[in-house]
Amino acid sequence: MSEQPGVRTAEGRIEGLWEQGHAVFRGIPYAQPPVGTLRFAAPAPPLSWEGTRQAVEFGPAVPQSVPHSGPAPASPPGGTDWLTLNVCTPDPGAAGLPVLVWIHGGAYVAGGSDDPMYDPAALAGAGLVVVSINYRVGAEGFALLEGAPANRGFLDQIAALEWVQRNIAAFGGDPGRVTVAGQSAGAGSIAALLTMKEQRGLFRRAITHSVPGWHCSRALAEEVAAALADRLGTVPTAAALSGIDPWRLAEALTALNGELPARRERWGRFSQAGIAICPVIDGEVLSETPWAALNGGRASGAELLVGHTRDEFRLFTFMTGRLGKITDEDARTALDLFAPAPDGPAAYRAAHPRAAAQELFESVYADACFRMPSVLLAEANAGAGGGRSYLFELQLASPALGGVLGACHSLDVPLAFGTLDSATGRQLWGDRPGPEAVAVSKQLRRAWVDFAASGDPGWEAYVPERQLTRVLDVGSGTVPYPEPCSWGIWAGRPPLPFDLA
């Protein structure tokens with residue numbers, strides 16, 4: 001395999017490289033750079049090229065913000081060709097291999113496909129063609145601006161999936177067996193894509209880990225955009241903000257994220273979300289939340305593998321320095337803002353009568369942000385026409401820091417990719433992961449591969465009457481949903497968009 005692999009796409013020929021026995025192609029443009037006259041526009045089709053394009057380096061990072069007050073990442077070199085994707089295939093000469101398209105997370109304001117935690121080698125070794133994408137995040141992708149389409153990040157993802165349909169057969173993949181997969185904001189993106197009828201032909205199956213229940217109303221999104229523009233001395237229009245350097249705009253969003261708590265009187269529970277940008281129910285790109293669309297019969301069901309971790313919010317409590325410091329007032333605020341009205345706060349206290357403030361705080365945040373949106377998506381999809389859902393919960397805890405992280409948010413990602421040796425994998429699982437982590441990693445990765453290939457991850461489908469859930473732990477098994485108190489509080493109460501107070 002001394003000769004480097006080459007593939008002819010619809011736009012031109014590319015040449016990649018061999019890594020671990022797989023053909024890898026990086027930094028392939030699926031749309032034109034969204035700068036200049038294309039800034040804040042829907043993605044424009046990629047331009048063709050003559051000759052052979054080298055596809056060995058990841059595309060440059062999309063402008064990044066951080067979901068709390070602090071310095072934004074420095075602008076990296078590499079240009080503005082942000083809308084790129086990567087392909088890893090076990091055999092570019094094959095035909096009909098199942099395809100997995102990875103949509104990264106990052107709270108809708110950060111992230112990228114070049115994270116070593118997303119190394120596709122193990123999945124490609126199991127027979128999948130793996131595609132990973134960059135898309136616009138933060139203000140570039142999701143700020144609601146006059147003169148620009150809403151939810152541009154979603155439009156980028158759709159453009160990437162259209163590229164897959166045009167080109168993946170040349171890499172050995174089957175365009176009729178495409179599975180989209182994502183975690184956190186990536187999972188929320190996929191939940192949105194499930195409701196867009198005209199896009200459902202772009203993929204067959206979906207994998208969603210830790211689906212966030214975060215959307216905002218148009219009225220709130222307009223006020224956020226105005227506040228962001230005001231920080232920069234301008235107005236919230238595409239024309240005005242097109243003159244602002246993209247990384248300066250990302251820094252302004254980071255600063256606004258840090259100011260959110262002070263806006264509680266006007267922005268209500270959104271002020272406690274940590275990020276000032278999220279998908280907007282704009283009435284065009286996204287007409288309603290995924291739960292409303294599926295429950296109302298306005299979106300058909302899909303083959304869906306969905307799950308969450310047991311201790312979803314512990315990571316954020318730790319990262320903000322609040323672990324062990326949550327007060328009764330903190331817990332009361334969390335319950336008042338995030339438990340379902342009107343009886344949610346009392347229901348949590350009744351369900352956890354001996355719980356300390358931190359347990360109540362983390363329980364309601366975990367449920368509102370990730371656990372219940374995931375479970376309710378499984379249920380809504382199972383009840384929609386043509387839908388079949390498979391649910392899991394990761395209970396195996398991280399050994400890091402003496403075990404204080406529990407089974408936290410993002411712990412499942414290196415397990416699924418088999419990247420326990422990545423920097424993030426080592427932080428969460430240690431330099432020498434124990435046999436339990438290795439075993440659960442093999443189980444989850446096998447579930448992904450089998451589901452992408454056949455639609456069956458290896459356990460019984462979720463039905464509301466039985467609520468069967470695969471628990472991933474030492475001695476994994478399929479049991480009734482293991483968080484019955486939370487389910488009882490949230491049953492029939494899907495997440496509602498953030499709105500003005």
Side-chain angles (χ1 to χ4, degrees), residues 1-31 45-46 48-49 51-56 58-59 84-103 113 118-133 157-182 190 193 199-207 302-305 386 388 416-418 445-458:
M1 288 191 288
S2 58
E3 184 176 335
Q4 298 303 334
V7 167
R8 179 163 295 280
T9 72
E11 291 74 39
R13 189 177 187 277
I14 58 173
E15 186 175 86
L17 67 162
W18 294 104
E19 284 190 357
Q20 302 181 60
H22 310 309
V24 176
F25 304 86
R26 298 185 177 124
I28 308 168
Y30 66 83
S48 300
W49 58 85
T52 298
R53 181 186 181 111
Q54 292 300 304
V56 297
F58 289 106
T84 63
L85 53 76
N86 321 292
V87 182
C88 178
T89 175
D91 185 357
L97 296 176
V99 180
L100 185 136
V101 179
W102 174 251
I103 302 178
S113 61
Y118 308 147
D119 186 335
L123 293 170
L128 299 183
V129 177
V130 183
V131 180
S132 57
I133 72 172
Q157 295 163 12
I158 291 167
L161 289 168
E162 291 172 340
W163 184 97
V164 169
Q165 287 296 308
R166 290 196 307 272
N167 290 298
I168 206 62
F171 297 84
D174 181 355
R177 281 204 296 169
V178 173
T179 297
V180 286
I190 292 168
L193 293 175
Q199 313 307 332
R200 284 292 300 277
L202 298 177
F203 59 92
R204 182 172 178 178
R205 302 182 177 109
I207 299 173
E303 293 176 351
L304 175 68
L305 172 58
R388 187 168 70 251
F417 275 90
R445 189 164 66 255
R446 186 76 256 166
W448 271 31
V449 171
D450 290 347
F451 181 76
S454 69
D456 184 352

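Here the structure is a predicted model, which is why all the values come from computation and not from measurement.
Pairing each heavy atom of Phe417 with each of Tyr118, the nearest pair is CE2-O, 3.5 Å. Pro90 approaches Leu97 most closely through the heavy-atom pair CG-CD1, 3.8 Å. Here the closest non-hydrogen pair linking Thr9 and Ile14 is CG2-CD1, 4.1 Å. Closest of all the heavy-atom pairs between Arg177 and Pro98 is NH2-CD, 3.4 Å. Scanning all heavy atoms of the two residues, the minimum distance from Val130 to Leu123 falls at CG2-CB, 3.9 Å. The heavy-atom pair separating Pro92 from Val7 by the smallest distance is CB-CG2, 4.3 Å.
Expressed to the nearest 0.5 Å, how far CG of Leu17 lies from CD of Gln4 amounts to 6.0 Å. Rounded to the nearest 0.5 Å, atoms CZ (Arg205) and CZ (Arg388) are 8.0 Å apart. Expressed to the nearest 0.5 Å, how far CG of Asn167 lies from OH of Tyr30 amounts to 14.0 Å. Here the CG atom belonging to Leu304 is positioned 9.0 Å from the CD1 atom belonging to Ile190, to the nearest 0.5 angstrom. Rounding to the nearest 0.5 Å gives a distance of 8.0 Å between CG of Leu85 and OG of Ser113.
The closest side-chain donor-acceptor pair between Gln54 and Glu15 falls under 3.5 angstrom.
Using cut-offs of 30° and 60° for the angle between ring planes, the Phe25 and Phe171 rings count as perpendicular.
At least one donor-acceptor pair under 3.5 Å links the side chain of Trp18 to the backbone N or O of Glu3. A donor-acceptor distance shorter than 3.5 angstrom exists from the side chain of Gln165 to the backbone of Leu202, with no hydrogens or angles considered. Checked by atom type and distance alone, the side chain of Asn86 never pairs as donor or acceptor with a backbone atom of Ile133 at under 3.5 Å. A donor-acceptor contact shorter than 3.5 Å is absent between the side chain of His22 and the backbone of Cys88.
Under the 4.5 Å side-chain criterion, counting only non-hydrogen atoms from C-beta, Thr179 is not in contact with Leu128. Side-chain contact between Trp49 and Pro29 is present, with at least one heavy-atom pair separated by less than 4.5 Å. Inter-residue side-chain proximity for Val129 and Val87 is flagged as met; some heavy-atom pair is nearer than 4.5 Å. Considering only heavy atoms from C-beta on, Leu305 comes within 4.5 Å of Ile207 through its side chain.
Looking at Glu19 and Arg26, a side-chain N of the basic residue comes within less than 4.0 Å of a carboxylate O on the acidic one, giving a salt bridge. At a threshold of 4.0 Å, the pair Glu11-Arg53 does not count as salt-bridged, since none of the basic side-chain nitrogens sits closer than that to a carboxylate oxygen.
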Hey, can you pull the donor-acceptor pairs under 3.5 Å for the side chains in residues 446-456, sequence neighbours left out?
residue: Arg446; atom: NE; partner: Asp450; partner atom: OD1; Å: 3.1
residue: Arg446; atom: NH2; partner: Asp450; partner atom: OD1; Å: 3.1
residue: Trp448; atom: NE1; partner: His209; partner atom: NE2; Å: 3.1
residue: Ser454; atom: OG; partner: Asp450; partner atom: O; Å: 2.8
residue: Ser454; atom: OG; partner: Asp456; partner atom: N; Å: 3.3
residue: Asp456; atom: OD1; partner: Gly458; partner atom: N; Å: 2.9

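If you run side chain to side chain contact (heavy atoms under 4.5 Å, CB included) between Val131 and each of Val178, Val99, Ile103, only Val99 comes through.
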